[in-house]
Each structure stands twice: as C-alpha cells, then as structure tokens.
Amino acid sequence: MNIGFIGTGTMGQPMLANLLKKNFAVVAYDVVPAALAAAVKLGATGAASVAEVARRSDLLISMLPSSSHVESVYLGAGSVLESAAPGRLCVDMSTIDPGVSRRVAAALAQRQVRFLDAPVSGGVPGATDGTLAIMVGGDARDLEEARPALSAMGTNVIHVGAVGSGEAAKICNNLIAGVAAVAVSEAFRIAEGFGVDPKVLTDVISKSSGNTWVMQQAHPVPGLVARAASSRDYAPGFMTDLMAKDLGLAVNAARELRVPVVVATAAQQVLRLASSHGLGRKDFTAVYTFIKPSSDQAPV
Ligand code: NAD
C-alpha cells in the first residue's frame with residue numbers, strides 16, 4: 001500500500017518513520033524544504049506538491065498545524081479535493097476544529113473521497129515509540145481499512161464515533177490537561193510560599209484527590225520527574241502555543257454549543273499571556289515559571 005504523508009514536521013517525521021519501519025512505501029510532501037528533506041532522509045519518496053501526493057497514494061495521511069492548513073490542503077487550490085481519485089481514503093491526524101473536519105469530509109464526499117479525523121495524544125515520545133493514542137471519527141469500515149497504517153504509529157486506536165468526534169475527544173482531553181497544568185502550577189507556588197517541599201507535596205497529592213497525569217508525568221516544577229520537560233529547561237514536549245490553540249478550539253466549540261466554560265477560558269488566557277512573555281515555543285508546563293509571586297507587598 002502506498003501511503004501519502006502531508007506535513008512532515010515535529011510529529012509527522014517520527015510517525016512517518018514508523019510507517020517505513022513497518023514496510024509501508026511513503027510519498028511525502030511539506031511546504032518547508034528542510035522538513036521534506038528530513039522525510040526523504042528517513043526513506044520516503046519526496047513529492048513536489050499536495051496534488052502529487054494525492055495522485056500517487058492509496059491512503060493519504062496529513063499532520064498539519066491547524067484548521068486553516070487542513071482546509072487549504074484539502075479544499076484550496078491544488079488540493080486533495082481537486083486531485084484525489086474517487087474512492088480514496090484520507091486520514092487527517094492534526095488537532096483541529098471538529099467543525100472543520102466535518103466540512104472537509106462533506107466536501108470530499110461530493111467527489112466520493114472518504115475522510116477520517118484521527119488526532120493523536122502522546123506527543124513526540126509517543127510518535128517516536130509508535131505508542132500514540134489515536135482517536136478516530138468517521139465510518140467504522142474506513143477505520144478498518146486504515147487500521148494497519150494507524151497501528152504502525154499508535155498502540156491505542158479508538159473509534160469515537162462519526163466524523164469530527166475524534167477531534168471532539170482530543171480537544172476535551174487537552175482542555176483537562178491544559179487546565180491541570182495551570183492548576184498544578186498555582187498550587188505548587190502557594191505551597192512554596194508556605195515553605196512546603198515540592199517533593200513532599202508531590203508525594204502527598206499523588207496519594208490524594210488532586211492527583212493528575214500532569215503532575216505524575218509532566219511535573220511543571222523542575223527536578224521532580226526526570227522525563228518531564230521541566231527537567232530539561234522546558235524543551236517541548238508539547239508547546240505552550242499548541243496547548244493554547246487546543247484550549248481555544250475547546251472554548252470555540254463550547255461557544256457554538258452554548259456550553260458555559262469558565263475554567264478552560266481562564267487557562268487559555270494564562271497560556272496566551274505566557275506565550276506573549278516568550279514561552280510560546282517552550283513546553284506548556286513552563287506556565288509554572290510565569291505564575292510567580294508578585295513583588296507587591298500590599299495585602300490582597
Ligand atoms: P509542526 O508545525 O512541527 O508540523 C506541521 C508541518 O506541516 C510543518 O512541517 C509545516 O511546514 C507543514 N505544513 C503546513 N502547511 C502545509 C501545507 N500547506 N502543505 C504541506 N505541509 C504543510 O507541528 P507538529 O508539532 O508536528 O503538530 C502537528 C499537529 O499535531 C498539530 O495540530 C498539533 O496540535 C498536533 N499534535 C502535536 C503534538 C506535539 O507534541 N507536537 C502532540 C499531539 C498533537
């Protein structure tokens with residue numbers, strides 16, 4: 001099976017490497033020449049355009065930054081819509097607005113091109129080890145067709161429901177993780193103010209009701225979890241800008257659904273502020289370095 005891969009960036013490269021390891025032939029394209037060159041170095045065949053990838057692949061995978069990139073690759077000039085033969089299956093693994101996934105799927109369906117949304121969790125380590133969690137929206141038969149390729153990149157491939165529901169699951173997950181990063185950072189700053197050893201507090205919370213994945217696996221306080229980004233000066237990991245984008249997707253979805261969201265909105269704003277103070281390309285847990293005691297001595 002020939003796999004087309006569009007978007008060979010931070011996540012795309014290690015995902016593509018795992019497809020090659022499982023003996024899939026991959027034809028790749030990225031607008032950034034260095035990203036495409038890296039994919040070719042791994043063993044993919046380089047293509048000159050989205051259209052060429054769409055024409056040369058049986059199954060097309062995309063891993064792009066955000067909704068606008070996905071719309072342009074699938075529906076813009078020289079897009080998948082214009083180039084893919086009827087019957088082709090496309091799998092978009094980017095994290096985007098579920099509404100955009102639905103619109104893209106509906107437009108492709110007019111030309112008998114099939115579409116799954118299949119965003120991932122697990123970050124660069126999961127992409128490298130081939131252990132991503134992959135949450136899939138779309139037709140169950142299409143998922144079975146894509147499953148061998150998806151299983152080369154992830155260990156948990158979960159069918160969530162109709163098209164768009166993979167994205168819905170992903171943004172709900174990241175809403176919780178993003179809020180938790182801010183909450184853990186605030187809690188540890190308060191404890192520090194009382195002179196509580198963060199190691200002891202971690203021990204207490206891990207045995208109590210505040211326990212959370214963010215503290216266990218991605219502790220915002222440096223030096224407590226060896227593999228956490230905080231222990232390597234917050235090198236991502238998962239960038240603050242991407243987490244702020246995902247919280248934005250959740251907040252927008254909530255607005256459209258008329259669901260009141262207060263905590264997600266607040267966490268998104270804290271991450272945006274951290275980004276505007278130079279932390280955008282650091283890991284999202286670097287928000288801890290942004291939440292600091294004020295020098296103001298006045299009582300609050
Ligand atoms: P990235 O920016 O490193 O890679 C995206 C690639 O897409 C880039 O190389 C870019 O040049 C390419 N691209 C953009 N427009 C294009 C176009 N029109 N045609 C071809 N290529 C194009 O981003 P990433 O970190 O790999 O993330 C990709 C997606 O995965 C995002 O939606 C992100 O939210 C999600 N995600 C990322 C992580 C992570 O840890 N980085 C984890 C889970 C999910």
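Just so you know, these numbers use all the heavy atoms, side chains as well, and skip hydrogens, waters and symmetry mates. Each ligand, and each atom within it, is numbered from 1 in the order the structure gives.
Atoms of ligand 1 lying under 4.0 Å from at least one heavy atom of Gly123, given by number and element, are 40 (O), 42 (C). Atoms of ligand 1 found under 4.0 Å from any heavy atom of Val32, numbered from 1 in the order shown, are 11 (O). Ligand 1 places these atoms under 4.0 Å from at least one heavy atom of His69: 14 (C), 15 (N). Close approach to Ile6 involves these atoms of ligand 1, each under 4.0 Å from a residue heavy atom: 20 (C). Close contacts of ligand 1 with Tyr29, meaning ligand atoms under 4.0 Å from a residue heavy atom, involve 19 (N), 20 (C). Those atoms of ligand 1 with a heavy atom of Gly237 less than 4.0 angstrom away are 40 (O).
Closest protein heavy atom to atom 43 (C) of ligand 1: Val120 O, 3.6 Å. Looking only at heavy atoms of the protein, atom 2 (O) of ligand 1 is closest to Pro65 CG, 4.0 Å. Atom 30 (O) of ligand 1 has Met63 CE, 3.0 Å as its closest protein atom, hydrogens excluded (heavy atom only). Protein heavy atom in closest approach to atom 21 (N) of ligand 1: Val31 N, 3.4 Å. For atom 17 (C) of ligand 1, the closest non-hydrogen atom on the protein side is Val73 CG2, 3.7 Å. When hydrogens are left out, the protein atom nearest atom 4 (O) of ligand 1 is Gly9 CA, 3.4 Å; that is the closest non-hydrogen contact. Nearest non-hydrogen protein atom to atom 37 (C) of ligand 1 is Met11 CG, 3.6 Å.
Side-chain atoms of Asp58 never come within 3.5 Å of backbone atoms of Met1 as a donor-acceptor pair (strictly under, hydrogens ignored). Checked by atom type and distance alone, the side chain of Ser67 never pairs as donor or acceptor with a backbone atom of Val100 at under 3.5 Å. Side-chain N or O atoms of Ser185 include one that pairs as donor or acceptor with a backbone N or O of Ala181 at under 3.5 Å. Checking side-chain atoms of Arg55 against main-chain N and O of Ala84 turns up no donor-acceptor pair under 3.5 Å.
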- Could you check Asp197 against Lys199 for salt bridge (charged side-chain N to carboxylate O under 4.0 Å, His left out), going step by step and ending with a plain yes or no? CA-CA 5 Å; Asp197 182 340; Lys199 198 160 180 277; over 6 Å; no
- Please report the C-alpha distance between Thr202 and His219 in whole Å, then the side-chain angles of each, then the deciding distance to 0.1 Å, and finally whether the side-chain hydrogen bond (donor to acceptor under 3.5 Å, both in side chains) criterion is met. CA-CA 9 Å; Thr202 302; His219 209 309; 2.9 Å; yes
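The part of Leu242 lying near ligand 1 is the side chain, judged by heavy-atom distances below 4.0 Å. Of all the heavy atoms of Ile96, none lies under 4.0 Å from any atom of ligand 1, so neither backbone nor side chain is involved.
You'll find the side chain of Pro220 stays beyond 4.5 Å of the side chain of Val287, heavy atoms only. Using a 4.5 Å heavy-atom cutoff, the side chains of Arg56 and Asn2 are not in contact. Leu89 places a side-chain heavy atom less than 4.5 Å from the side chain of Leu116.
Donor-acceptor pairing under 3.5 Å is recorded for the side chains of Ser66 and His69.
The shortest N or O to N or O distance between Val50 and ligand 1 is not below 3.5 Å. Inclusion of Asp30 in the set of residues having an N or O under 3.5 Å from an N or O of ligand 1 is warranted. Taking distance alone, with nitrogen or oxygen atoms compared against 3.5 Å, Lys245 approaches ligand 1 more closely than that limit. Considering backbone and side-chain atoms together, Thr10 places an N or O closer than 3.5 Å to an N or O of ligand 1.
Heavy atoms from other residues, nucleotides or ligands lying under 6.0 Å from CZ of Arg147 number more than 12.
Closest heavy-atom approach to atom 13 (N) of ligand 1 within the set Asp283, Thr95, Leu64: this belongs to Leu64.
When all heavy atoms of Gly237 and Val124 are compared, the pair lying nearest together is O-CG2, 4.4 Å.
The hydrophobic cluster containing Val196 also contains Tyr288, counting ILVMFWY residues as joined when their side-chain heavy atoms lie under 4.5 angstrom apart, directly or transitively.
Residue Ser66 places no heavy atom under 4.0 Å from ligand 1.
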